[in-house]
Each structure stands twice: as C-alpha cells, then as structure tokens.
Amino acid sequence: MKETDAMITLKGIGEKTEKLFQKAGIDTVGDLLRFYPRGYEVYEAPVPISEIEEGNVFAVTGMISGAVKTGGSRAMQVTTLCIKDESASLKVIWFRMPFLKNSLRSGMTVTVRGRVVRKKDGLVMEHPEIFSPFSKYEEKLGTLQPVYPLTAGLTNNMVTKAMKQALDEIVLAREFLPKELRLHYRLAEYNYALRGIHFPIDKQNYYTARERLVFEEFFMFILALRQLKESTDKMENAFLVEEREEIEHLIAKLPYELTNAQKKVWKEIKKELMGAYTMSRLVQGDVGSGKTIIALLALLLVGLNGYQGALMAPTEVLAKQHFESIVHTLEEHGLPLRAELLTGSMTAKEKRLAYERIAEGKVQMIIGTHALLQEKAVYHNLALVVTDEQHRFGVKQRETLAKKGQTPHMLVMSATPIPRTLAMIVYGDMDISVIDELPANRLPIKNCVVDTGYRTIAYQFMKKQVSEGRQCYIICPMVEESEAIEAENVIDYAAMLQEILGGACRIAYLHGKMKQKQKDEIMEMFAKKEIDILVSTTVVEVGINVPNATVMMVENAERFGLAQLHQLRGRVGRGIYQSYCIFMTASKAKETKKRLEILNQSNDGFFIASEDLKLRGPGDLFGIRQSGLLNFRLGDVFQDAVILQKANEAVQNLLEHDKNLEAKEHILLKELLQKEKGVSAFL
C-alpha cells in the first residue's frame with residue numbers, strides 16, 4: 001500500500017465511508033496517516049463515586065440501580081440510568097443511544113468511564129464508555145488510546161481501525177530530514193514517529209514521536225517562510241502615496257488622543273506606504289490597544305491617494321460592524337470616499353453589483369470576509385490589504401491578490417500576545433510593530449478565580465448587571481468528543497440559567513453545531529442588545545464587538561490555555577463601563593490555581609504569555625490545544641516554543657551552508673517544498 005492510494009483501497013471502507021473521511025479532509029492513505037490525534041484517553045483505575053469531581057474524566061464501577069430509561073426528543077434521545085457503589089450513587093446519561101436499554105438491566109455490575117458535569121439535579125456522567133465485565137476495562141488500564149478530531153458521521157473507532165490497517169500495510173516512507181540534523185537534535189525516524197503518535201506504547205514513546213513530528217512541522221513551515229521572504233523581499237512599491245492633511249484633521253478630531261505606541265506604529269506604516277518597497281507588516285497589540293483605528297488610517301490614506309484598500313474580517317458580524325463604523329467615520333468627517341461590504345451571505349444580485357462597483361473603482365474601501373478573495377472580485381487598483389491572524393496569508397492567497405493587480409501592501413493585525421522572540425520566527429516574512437500601551441480611558445478589567453461554590457453569587461451578580469442595562473457572556477469549554485454533547489451542554493446550561501434567573505434576563509446560546517447563518521443571527525442580536533446573557537462555546541473568541549458587555553464568566557477555566565482565556569476576556573471591557581471576568585474552576589490542583597492566578601494578577605497579554613511559557617511542562621500536552629495561533633496539525637507555538645526555536649536554528653544553519661538546497665542530502669526537502677508550494681501548505 002502506498003500513501004497516494006485512495007481511502008477506498010482499505011478493507012471495510014466503501015463509498016459511503018470514504019465520503020465521511022473526505023469531509024474530514026482525508027482523501028488518501030497519506031492524508032489519513034497525517035490525521036493526528038487531538039488528544040489521548042489515559043485509562044486510569046476506577047475511583048469510588050464519592051471521589052468524583054465536576055469537569056474531569058473518571059472511571060467508576062458499580063451496580064445498576066432501578067430501571068434504565070429512555071426519554072428526550074426524537075432528535076436528541078437520552079438514555080438514563082443510576083449506578084451505585086458502597087460510597088454513593090451517580091446518574092449516567094447517553095445521547096442518541098436508545099439501543100443501550102436492550103443490553104443494560106437493573107442489578108448488572110458495570111464500569112463506566114466519562115466526563116462528569118454539573119446539571120441542575122447534581123453531578124452527572126455524560127456519554128461514557130461502558131465495560132462489562134470489569135476484565136474488559138482492565139485490558140485498557142494504563143494505556144493511551146488516540147482521540148481524533150471528528151466530523152459528523154465519522155467515529156473514533158472508524159478512524160482507529162483504518163489507521164491500524166494503514167500503518168500495518170503501508171510501504172515505509174523515505175526519511176526527508178537530513179541524517180545529521182536528526183542526530184544533532186536527537187529526533188526519531190519518521191516511520192517510528194508516525195506509529196508512536198497514533199498508538200503510543202507509553203507516555204515516553206508518545207513524547208519522542210510528537211517531538212519529531214512537531215519539529216518537522218515547524219522546520220518545513222520556517223523553511224517555506226524563508227523562501228517566501230526571499231521572493232517578496234524588496235518588491236518595488238507600485239503605488240504613489242503621499243501625505244494627506246485630511247488624515248491629520250481626523251486624528252485631531254478623534255474623541256480620544258492616540259497613545260504614544262499608536263502614534264509610533266502609525267508613523268512606521270505611513271513611512272512604508274510612501275516608501276520605495278511594498279509593505280509586509282504585522283501589528284501586534286493586546287485586545288483593546290487600538291489596532292483598528294491604525295488600520296482605518298492606513299485604508300484612508302491609500303483611498304485619499306486614489307487607490308483601493310481591503311479589510312478582511314474573520315466573521316460576517318464583525319465585517320458588518322467594521323463597515324458601519326467606517327461609513328459613520330467617512331460621513332462624520334466629510335471624507336470623499338465610499339465603502340463597500342462584501343460577504344458570503346449576500347444575494348447573487350447584491351454581490352454582482354458590489355463586484356461591478358469594485359471593478360470600476362467607484363469604491364475605495366472594501367470590507368468583507370473570505371469573499372474578498374473570490375475569483376469574481378476584480379479590483380480596480382488594490383494598494384492595501386488589512387487582515388488578521390485568523391487569515392494567515394500563504395503564498396496562494398498572495399498570488400490570488402497579486403493577480404488582481406499589482407502586489408498590494410500587507411498589514412496583518414494580531415491580538416495574540418505572543419512573545420517577540422517567537423513572533424519573529426512565526427512571522428519571519430514580516431516586519432513587526434507592537435502597540436504595547438492601552439488607551440488611558442480604558443478601565444482595567446477586574447478578575448477573580450473562584451471554585452464552583454461561587455456560582456450562585458456569580459449568577460446574582462450577572463442579574464444585577466443586566467438590570468443596569470449591561471450584557472454578559474458565559475463560556476463553556478468545547479467537548480470535541482461529541483458535537484451532540486457540546487450542543488446539549490450549552491442548551492442545557494442556558495435552560496438551567498433561565499430557570500434560575502427567571503424572565504428578567506433574555507438568555508440565548510451559541511455552539512459549533514449551529515449553521516453559520518444561525519451563529520451570525522445570534523451574534524447580531526447580542527450586538528443589538530436583544531440578548532442579555534449569551535451562553536457559548538469559544539466560537540465567540542473572535543468576531544464580535546459588544547462595548548455594552550461587562551461580564552465574562554468562564555466555566556472549567558482549567559481546560560483552556562492562558563492565551564486563549566486572555567483572548568476570551570478581551571470580549572469585555574470594550575466600552576465605558578467597569579468590566580469583570582470570573583474564571584471558575586472545579587480543579588483542586590495547585591498547578592491549576594497557580595496558572596489561573598497569573599490572569600488574576602495581570603491584564604497584560606504579553607506578561608501572561610511569557611509567564612504561561614515558564615509554567616508549561618510535558619504533562620500539558622494531553623490537554624486542549626493552547627493558543628490556536630496558526631493552525632498547525634500538531635504543533636502549538638506556545639506549548640512547543642522550545643521546539644520552535646530549535647527548528648528555527650536548524651533552518652538558519654541549513655540555509656547558511658546550502659542556500660538553494662542543492663546538496664544530495666537535501667534533495668528530498670527541496671522536492672517537498674516545490675510540491676507543496678507555499679507557507680499555507682504547512683499549516
């Protein structure tokens with residue numbers, strides 16, 4: 001079997017199953033082998049029911065007490081039973097598994113393993129695996145079982161079976177990392193690492209495999225990045241941009257004074273827009289540091305010089321908010337420019353008319369989502385593209401834009417507080433500016449880290465904020481094992497909260513299983529103050545600006561990375577009102593308290609990121625992805641900062657000795673780079 005073989009060549013995979021794998025981006029056996037687990041189930045000894053805690057995974061052994069019941073709606077059938085041991089009893093529920101009623105009965109002894117959550121009637125174990133007799137659980141005791149990121153219809157068992165077969169039958173792949181490099185950095189051989197990442201014998205085997213594959217990801221990404229920098233370095237500026245007094249008038253009339261950091265960054269950008277070479281710049285700034293006004297000034301400057309500028313937002317709701325804000329600014333200051341909104345949900349006619357106005361140069365500022373890159377979008381004279389880190393531009397996107405005219409200036413906005421040393425590696429093809437100062441009128445967010453006993457007080461506090469006209473967020477962690485559980489948790493939580501707070505609060509929920517249109521509608525209602533409390537998963541992390549929201553409560557805060565918690569916290573504190581962030585944790589571990597305490601002490605994202613790096617240990621690797629910055633298959637810029645730095649060092653050494661990768665031992669590397677064509681291929 002070869003990596004290029006289609007999935008259907010594997011035993012047990014027919015056309016229907018092949019389509020399910022294709023939905024997850026798996027077309028070939030090679031794609032399957034690079035479909036890495038997102039985590040591992042570590043099977044530990046069962047504990048007495050009295051010792052289980054909210055928010056964690058446990059195994060318990062006990063006897064089924066009473067009848068096994070099936071209820072709920074047709075769309076979400078729920079099977080319920082009660083398990084008892086000598087210490088206590090526990091309610092256990094499964095979603096969409098009514099057939100369990102036929103195989104489970106009162107008096108049976110079973111072992112169940114699953115996540116424990118708090119519902120209105122106490123602690124409940126959700127959707128656990130079930131073992132009977134106990135000897136079946138013993139077989140897994142102490143092992144690491146892979147958990148894959150799944151799409152609807154694709155089960156973990158299907159992926160595991162296909163993976164085992166592929167690893168057993170595949171012809172060994174050629175090692176493409178040079179031998180001396182592997183020896184120097186003590187990296188495992190590729191085929192050994194591949195088996196170790198999917199089915200590790202023990203934790204050490206897993207760490208060895210993962211280090212090799214993460215190093216490889218970073219190494220190839222940085223190598224492609226260096227080549228991109230070579231090709232884009234010193235590209236001549238094709239746009240004649242000059243100073244415009246309207247910009248200075250606008251800055252003087254702003255209802256606030258720009259901070260010194262904003263002034264410095266604006267000076268750098270303006271100099272480059274007017275300079276001899278094309279700008280490629282990253283602006284790093286903490287949430288609320290005022291990056292948006294800098295982007296607006298840059299768009300206005302190119303617009304007033306007769307060119308077009310495009311602003312790409314991560315969500316339609318945020319694109320609309322930016323558009324409305326820009327239109328208001330143009331009207332308020334009497335600027336002779338026109339803005340255009342371009343999003344995927346617009347009708348065919350609306351898009352066609354928008355494309356016509358863009359192509360004819362009737363509009364100078366185009367705000368939108370990915371629709372800005374579509375083939376039909378032909379620009380009159382696009383001089384500047386402003387985007388954010390969620391839309392990391394690879395070669396393909398740059399080529400797409402270059403074909404729409406001359407190569408435009410690039411401005412990327414990042415709110416991820418990544419330490420400068422790492423930023424210089426990750427954004428190696430860009431110059432970096434930092435806005436390291438918050439506006440003087442911003443009230444610092446008040447934080448508290450509390451245990452679950454504080455929940456009732458937190459609810460009453462939110463109710464009081466709502467009565468004063470404010471809004472609140474409650475964030476539940478993602479449950480990637482099952483979209484059904486994730487949806488159920490958020491829906492259940494919203495219903496429970498409505499019961500507790502009554503009709504005085506308008507409560508809505510948001511989760512990943514909803515269609516994009518539904519998500520946008522809910523976020524828009526929240527932005528328009530038609531919802532008081534929004535219960536959501538991390539889908540609100542980017543893409544909405546609600547200055548009226550003053551409370552952010554994060555459930556199971558220990559299950560998030562600090563960088564992500566800081567990003568979530570940035571959803572509040574955007575207006576004139578005092579804002580609050582409540583980090584709730586069920587964990588009693590000292591390490592958890594120590595990590596969360598960093599957030600309690602500081603609102604400075606750069607300080608938090610550097611402290612977070614110091615506290616990380618290999619044990620964190622079994623948790624949820626920490627930063628979400630750049631979508632690597634396996635690596636994480638924060639978690640794997642040390643490996644990132646080693647990979648960067650390796651690339652520098654390699655290119656110093658063989659700039660064009662012409663040495664015999666580098667031929668495979670060169671072929672791979674040419675085949676993949678671009679940075680985006682390695683993300």
> Would you find more than 12 non-hydrogen atoms of other residues, nucleotides or ligands less than 6.0 Å from K263 atom NZ?
Replying inline: yes

> Where the side chain of E350 meets the backbone of T347, is there a donor-acceptor pair that is under 3.5 Å apart?
Replying inline: yes

> Are E360 and K362 within salt-bridge range, i.e. N to O under 4.0 Å?
Replying inline: yes

>> side chain to side chain donor-acceptor pair (under 3.5 Å), that's the test. Do T369 and E316 meet it? Break it down for me.
In response: CA-CA 6 Å; T369 51; E316 292 209 0; 4.7 Å; no

>> Could you report the tightest heavy-atom contact between L372 and Y379, atom names first, then the distance?
In response: O-OH, 2.9 Å

>> Has T329 got a side-chain atom pairing as donor or acceptor with S325's backbone, closer than 3.5 angstrom?
In response: yes

>> As a quick check of understanding, evaluate side chain to side chain contact (heavy atoms under 4.5 Å, CB included) for V241 and L301, giving each step before the final call.
In response: CA-CA 8 Å; V241 175; L301 184 60; 3.8 Å; yes

>> Show the nearest heavy-atom pair for residues Y355 and A371, with the distance to one decimal.
In response: OH-O, 4.2 Å

>> Given S579, which partner from the list L443, I445, N447 fulfils the side-chain contact (heavy atoms from CB on, under 4.5 Å) test?
In response: I445

> Does a salt bridge link K270 with E248, judged by any charged N lying under 4.0 Å from a carboxylate O?
Replying inline: yes

> What's the spacing between L311 CG and L296 CG if we round to 0.5 Å?
Replying inline: 9.0 Å

>> One pair to check against salt bridge (charged side-chain N to carboxylate O under 4.0 Å, His left out): E530 and K528. What are the steps and the verdict?
In response: CA-CA 6 Å; E530 291 167 12; K528 288 177 179 172; 5.2 Å; no

>> Nearest 0.5 Å, please: how far is OH in Y277 from CE in M235?
In response: 12.5 Å

>> Using a strict threshold of under 4.0 Å (side-chain N to carboxylate O), is an ion pair present between K320 and E324?
In response: no

> Are any non-hydrogen side-chain atoms of E216 and L634 less than 4.5 angstrom apart?
Replying inline: no

>> If you count every heavy atom of other residues, nucleotides or ligands that lies below 6.0 Å from Q652 atom CD, does the total exceed 12?
In response: yes

> Taking all non-hydrogen atoms of both residues, which atom of K351 and which atom of G344 are closest, and how far apart?
Replying inline: NZ-O, 3.1 Å

> Do I432 and V283 touch side chain to side chain, with heavy atoms closer than 4.5 Å?
Replying inline: no

> How long is the gap from CG on D520 to CE on M525, to the nearest 0.5 Å?
Replying inline: 13.0 Å

> Would you say the side chain of R633 lies within less than 4.5 Å of the side chain of E217, judging by non-hydrogen atoms?
Replying inline: yes

>> Could you check whether R569 and N603, counting side-chain N and O atoms only, form a donor-acceptor pair closer than 3.5 Å?
In response: yes

> Between D658 and L661, is there a donor-acceptor pair closer than 3.5 Å when you use the side chain of the first and the backbone of the second?
Replying inline: yes

> H322 and N545: side-chain donor and acceptor closer than 3.5 Å?
Replying inline: no

> How many angstroms lie between atom CG of N381 and atom CG of N305, to the nearest 0.5 angstrom?
Replying inline: 11.0 Å

>> With a 6.0 Å cut-off on the ring centroids, do Y473 and F526 count as close?
In response: yes

> Any side-chain heavy atom of T343 within less than 4.5 Å of one from I367?
Replying inline: no

>> With a 4.5 Å cut-off on side-chain heavy atoms, are Q471 and L534 touching?
In response: no

>> I need the minimum non-hydrogen distance between I326 and A339, along with the two atoms involved.
In response: CG2-CB, 4.1 Å

>> For a side chain to side chain contact (heavy atoms under 4.5 Å, CB included) check, start with the C-alpha distance between M413 and T387, then their side-chain angles and the critical distance, and finish with the verdict.
In response: CA-CA 6 Å; M413 300 291 181; T387 181; over 6 Å; no

>> Quick check: closest heavy atoms across L382 and P408, and the distance to 0.1 Å?
In response: O-CB, 3.6 Å

>> I need the L568 CG to F583 CZ distance, nearest 0.5 Å.
In response: 8.5 Å

> Checking side chain to side chain contact (heavy atoms under 4.5 Å, CB included) for the pair E356/R352: CA distance, chi angles, key distance, verdict?
Replying inline: CA-CA 6 Å; E356 281 174 16; R352 193 186 75 246; 3.8 Å; yes

>> Would the distance check show the side chain of N237 and the main-chain N or O of G275 forming a donor-acceptor pair, the cut-off being under 3.5 Å?
In response: yes

> Considering all heavy atoms of both residues, which atom of P149 and which atom of Y36 are nearest to each other, and what is their separation?
Replying inline: CD-O, 3.6 Å

> Counting only N and O atoms by type, is there a donor-acceptor contact under 3.5 Å from the side chain of D436 to the main-chain atoms of A261?
Replying inline: no

> Under 3.5 Å, is there a donor-acceptor pair between the side chain of R357 and the main chain of V363?
Replying inline: no

>> Just by distance, no angles: are the side chains of E268 and S433 close enough, under 3.5 Å, to form a donor-acceptor pair?
In response: yes

> Do the ring planes of H409 and F239 sit parallel (below 30°), tilted (30 to 60°) or perpendicular (above 60°)?
Replying inline: tilted

>> Assess the residue pair L565 and L596 against the criterion (side chain to side chain contact (heavy atoms under 4.5 Å, CB included)); give the C-alpha distance rounded to whole Å, side-chain angles, the decisive distance to 0.1 Å, and a yes or no.
In response: CA-CA 9 Å; L565 286 172; L596 293 175; 3.6 Å; yes

> Is the shortest heavy-atom distance from the side chain of L300 to the side chain of I247 under 4.5 Å?
Replying inline: yes

> Which distance, rounded to the nearest 0.5 Å, do you find between the CE of M514 and the CD of E521?
Replying inline: 8.5 Å

> Short question: side chain of Q308, backbone of I358 - any donor-acceptor pair under 3.5 Å?
Replying inline: yes

> Are I222 and I425 close enough that some pair of their side-chain heavy atoms sits under 4.5 Å apart?
Replying inline: yes

>> Taking the side chain as everything from C-beta on, heavy atoms only, tell me whether L299 gets closer than 4.5 Å to Q364.
In response: no

>> Check this for me: K670, atom NZ, are more than 12 non-hydrogen atoms of other residues, nucleotides or ligands nearer than 6.0 Å?
In response: yes

> Can a salt bridge be assigned to the pair E272 and R281 using a cut-off of 4.0 Å between side-chain N and carboxylate O?
Replying inline: yes

> Is the backbone N or O of G290 less than 3.5 Å from a side-chain atom of Q262, with the two atoms forming a donor-acceptor pair by type?
Replying inline: yes

